[in-house]
Amino acid sequence: MMHFHTTWIGLLATLPSALGFWPIYYTKSSSPYRNDAPTVQVETLFQFPNNGSWIDNLALRSDGSILLTRLDTPEVWSIDATTGHATLVHSFANATSCFGISEIDDDVFAVVVGNFSTKTYKPTPGSFTVQQLDFNNFQATADEQETQKASVSHIAALPEAQALNGMTSFTKESHLVLIADSPNGVAWKLNTQTGEYSIALNDTSMLPAEGQPLPLGVNGLKMVDNYIYYSSTTRMQFGRVKVDQDATPVSDYQIIASGFLPDNMDVASDGTAYIATDPQNSVVRITPFGQISLVAGGQLSTQMPGPTSCRLSADGKTLYVGTSGGQVAPVLGKFMEPGKVVKITLE
Ligand SMILES: *[C@@H]1O[C@H](CO)[C@@H](O)[C@H](O)[C@H]1NC(C)=O
Ligand SMILES: *[C@@H]1O[C@H](CO)[C@@H](O)[C@H](O)[C@H]1NC(C)=O
Ligand SMILES: *[C@@H]1O[C@H](CO)[C@@H](O)[C@H](O)[C@H]1NC(C)=O
Ligand SMILES: *[C@@H]1O[C@H](CO)[C@@H](O)[C@H](O)[C@H]1NC(C)=O
């Protein structure tokens, strides 16, 4: 059993000293990694007005707009990629937070919803469900017009999960999504049509690291070419495992890169990963061979405090980054800002 009470709170209390624990913080530059494309354009596409706003995850719609989930309130928002105009899509009742989000059919998204305190960092085990947002043919009534942008339905509750987190869609034909359960160190597979679910991936590399204050193991997931890529936060590892058509592992779990604090990520079709490093205030690029370079931000930089998630545009030229504003570890112990969506033009 994990002890959330001491562990999730413990992260907050120990992060400043944890900076000493993780040796890569001891560098004079703001990042230990070389920036091999220092001219990328970085701009804020949208920012919430209030400190405490915490973007947990992003998904892109086929019209190019960006969906974001919030951890501090059970909301999903849509951001226009051209104007940065933000619209509330839905606020879920009976929950505090939204987590992973993934497209499961054309313009239909599955969203992880559950209870989590951004003050104590305690999730409520057993409170997690997966809900559906369908943007097709949605006809809002006059009353709903202002607040509702998609039809909402319940897919499944996963009472055995301790804290569901990142999610990726499996093959379209299978109707499966895979969802990280961070404290349990497993990924569940859920059939979004039948609601059936079971554990698909379970490996030591997905478990929270021992002796760490935070029971945060597997966090982000992304399926590319029969591989499930995953970040394992307190183990400071990024890895992958090959799976068959039922999402059953058919290879060893392979660690691709380690030594940084990975939150959610995206992986391009060639296996290049873009990973948000949350308390390290940066986005890094990882080649399929495990070489790490800095894309933007940096430990001591206020460019993107607390990046939680990354999504590559369909053409691979733009990277969107969602942030918490640095709530887990304010930059230099001090600087915090409202959560925002950053647009990075890669070429
Ligand atoms: C989750 O949070 C909501 C909103 O605060 C609350 O109504 C609900 O009882 C909580 N559920 C559980 C299982 O704690
Ligand atoms: C609220 O969520 C809890 C936990 O997921 C569930 O048991 C309960 O039925 C829900 N209540 C309502 C009114 O939906
Ligand atoms: C994962 O596998 C281990 C080893 O077989 C097992 O002890 C553990 O209970 C599994 N985890 C879950 C959440 O089922
Ligand atoms: C957010 O908090 C910082 C302190 O870290 C403060 O300087 C800033 O004014 C706050 N911003 C807003 C919008 O309240």
Side-chain angles (χ1 to χ4, degrees), residues 1-2 4-5 8 12 15-16 44 46-56 69-75 86 90-99 111-131 154 156-165 178-190 197-208 210 215-219 221 228 230 232 235 241 247-249 252-253 279 281 300-306 323-341:
M1 234 357 244
M2 302 294 166
F4 288 106
H5 185 70
W8 290 81
L12 255 189
L15 255 171
T44 297
F46 167 75
Q47 186 162 30
F48 284 105
N50 59 305
N51 278 334
S53 45
W54 184 323
I55 297 172
D56 184 67
T69 63
R70 283 179 68 166
L71 201 67
D72 59 306
T73 183
E75 292 173 357
H90 188 71
S91 179
F92 290 93
N94 198 24
T96 65
S97 309
C98 295
F99 300 84
V111 186
V112 172
V113 178
N115 286 14
F116 181 88
S117 166
T118 54
K119 293 200 175 64
T120 63
Y121 289 134
K122 272 176 70 181
T124 306
S127 69
F128 288 80
T129 66
V130 178
Q131 307 285 333
H154 173 92
L158 279 74
E160 299 89 345
Q162 288 201 49
L164 294 181
N165 203 331
L178 296 186
I179 314 169
D181 184 344
S182 300
N184 268 331
V186 300
W188 298 87
K189 64 175 176 184
L190 164 68
Y197 61 88
S198 59
I199 290 175
L201 310 178
N202 174 0
D203 187 65
T204 313
S205 66
M206 292 183 162
L207 279 170
E210 280 176 35
L216 188 54
V218 61
N219 188 332
L221 295 174
I228 306 297
Y230 61 96
S232 196
R235 287 183 181 265
V241 61
T248 302
D252 289 337
Y253 290 76
N281 306 316
L300 312 179
S301 163
T302 54
Q303 196 171 42
M304 51 179 77
T323 80
S324 71
Q327 293 183 61
V328 171
V331 183
L332 292 167
K334 285 203 288 271
F335 183 80
M336 243 178 66
E337 64 173 17
K340 66 186 178 187
V341 176

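Order of appearance sets the numbers: ligands from 1, and atoms from 1 within every ligand. Atom set for the values below is all heavy atoms of this structure, side chains included, hydrogens, waters and symmetry mates excluded.
- For ligand 4, the atoms sitting less than 4.0 Å from at least one non-hydrogen atom of K334 are 5 (O), numbered in the order shown with element in parentheses.
- None of L201, V186, N184 except one satisfies the side chain to side chain contact (heavy atoms under 4.5 Å, CB included) rule with M206; the exception is L201.
- Y121 and F116 have tilted rings, their planes meeting at an angle from 30° to 60° on a 0 to 90° scale.
- Every residue was checked against the side-chain contact (heavy atoms from CB on, under 4.5 Å) condition with D252, not counting sequence neighbours, and none meets it.
- Taking any N or O of N50, backbone or side chain, none lies under 3.5 Å from an N or O belonging to ligand 4.
- For ligand 3, the protein residues placed under 4.0 Å by at least one non-hydrogen atom are V186, I199, N202.
- In this structure a side-chain-to-backbone donor-acceptor pair under 3.5 Å is missing from S182 to G217.
- With sequence neighbours excluded, no residue forms a side chain to side chain donor-acceptor pair (under 3.5 Å) with Q303.
- In this structure F48 satisfies the ring pair (Phe, Tyr, Trp, His ring centres under 6.0 Å) test together with F46, W77, sequence neighbours excluded.
- Close approach of ligand 1 to N115 (heavy-atom distance below 4.0 Å) involves ligand atoms 1 (C), 2 (O), 3 (C), 8 (C), 10 (C), 11 (N), 12 (C), 14 (O).
- For ligand 4, the atoms closer than 4.0 angstrom to any heavy atom of M336 are 1 (C), 2 (O), 3 (C), 5 (O).
- Between the side chain of D56 and the backbone N or O of R70 there is no donor-acceptor pair closer than 3.5 Å.
- The minimum heavy-atom distance linking P123 with Q162 is given by the pair CB-O, 4.1 Å.
- When only interatomic distances are considered, the shortest N/O to N/O separation between T124 and ligand 1 does not fall below 3.5 Å.
- With a 4.0 Å heavy-atom cut-off, ligand 4 is reached by no atom of P330.
- Side-chain polar atoms of S205 and Y230 form a donor-acceptor pair below 3.5 angstrom.
- Remark: distances from the non-hydrogen atoms of P49 to ligand 4 include one below 4.0 Å.
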